[in-house]
Amino acid sequence: GLSLNGYGIDGYKIVFYANGGEYADGSDAKNKFFDIGTAINADDIVSPSDEENTFMGWALDRNATAPAENLGTVSKSDTVFAVWQPKLTLTFDVSPGVFPDDNVQVKTKRVDKGGLVTVGGLGSLPTSYCAEKSGDECFDLRYFTGWATNANPLESDTIHLDDFTTEDDLTLYAVWTVDTTYTVTY
């Protein structure tokens with residue numbers, strides 16, 4: 001028979017509201033129907049997304065800052081809300097060199113808090129720059145050899161991004177290594 005609660009005599013509709021994000025189909029909510037007394041869960045609900053935030057889970061309060069460990073059991077139609085955490089900004093500074101694709105010294109990207117720091121999505125990385133030249137001749141060639149967390153880094157400041165994560169916004173600076181040249185006279 002027909003029911004005013006949206007499911008039938010023994011169940012209710014729970015709305016999974018994206019709370020500022022959206023689902024892959026562009027909608028801001030998904031409905032799931034539950035029998036009375038069953039645990040509310042997000043099984044079969046694909047998490048929503050948001051370019052500026054990381055999806056953390058679901059809560060019963062629109063303004064929650066952490067997901068609920070337990071969404072309760074179904075006793076009425078209700079709404080649960082996506083919980084978001086702002087993504088971090090990673091800044092990659094290669095000055096005085098430039099990124100070769102677009103001739104800029106600084107690029108940024110957004111990452112999840114605690115996520116792995118990678119250069120993916122930045123395009124081509126610089127390989128070298130000339131610190132001193134006369135006309136077309138370079139007298140002081142520097143090679144890009146990695147990243148450091150401090151400005152004006154030395155080669156010994158180089159960090160390895162293989163397992164590097166961050167909990168805060170971060171700027172990484174290019175490490176430039178002097179090209180050592182030797183003159184051989186015969």
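Note that this is a predicted model, so its numbers are computed, not measured. The figures here come from the full heavy-atom set of this structure, side chains too, leaving out hydrogens, waters and symmetry mates.
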Between [X] and [Y], is there a donor-acceptor pair closer than 3.5 Å when you use the side chain of the first and the backbone of the second?
X: T166; Y: D168; value: yes
X: D169; Y: T89; value: yes
X: K113; Y: T54; value: no

* To do: Go through D50 and K87 one step at a time and tell me if the salt bridge (charged side-chain N to carboxylate O under 4.0 Å, His left out) criterion holds.
  => CA-CA 10 Å; D50 182 334; K87 288 187 179 181; over 6 Å; no
* Do V178 and Y143 have side chains that get closer than 4.5 Å, going by heavy atoms? ->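 No, too far: nothing below the 4.5 Å cut-off.
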* **Distance-only polar pair, side chains of S124 and D101, donor-acceptor under 3.5 Å** => yes
Between [X] and [Y], does any side-chain N to carboxylate O distance fall below 4.0 Å?
X: D102; Y: K107; result: yes
X: R110; Y: E52; result: yes
X: D25; Y: K30; result: yes

* Steps toward side-chain hydrogen bond (donor to acceptor under 3.5 Å, both in side chains) verdict (K109, T118) -> CA-CA 10 Å; K109 68 184 263 188; T118 70; 3.0 Å; yes
* Asked: Say you draw a straight line from CG of L116 to CG of D163; how long is it, rounded to the nearest 0.5 Å?
  -> 7.5 Å
* If you round to the nearest 0.5 Å, how far is OG of S27 from OH of Y17? -> 11.0 Å
* Ring centres under 6.0 angstrom apart (F81, W84) -> no
* How about F144 and W176: are their ring centres within less than 6.0 Å of each other? ->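 That pair passes the under 6.0 Å test.
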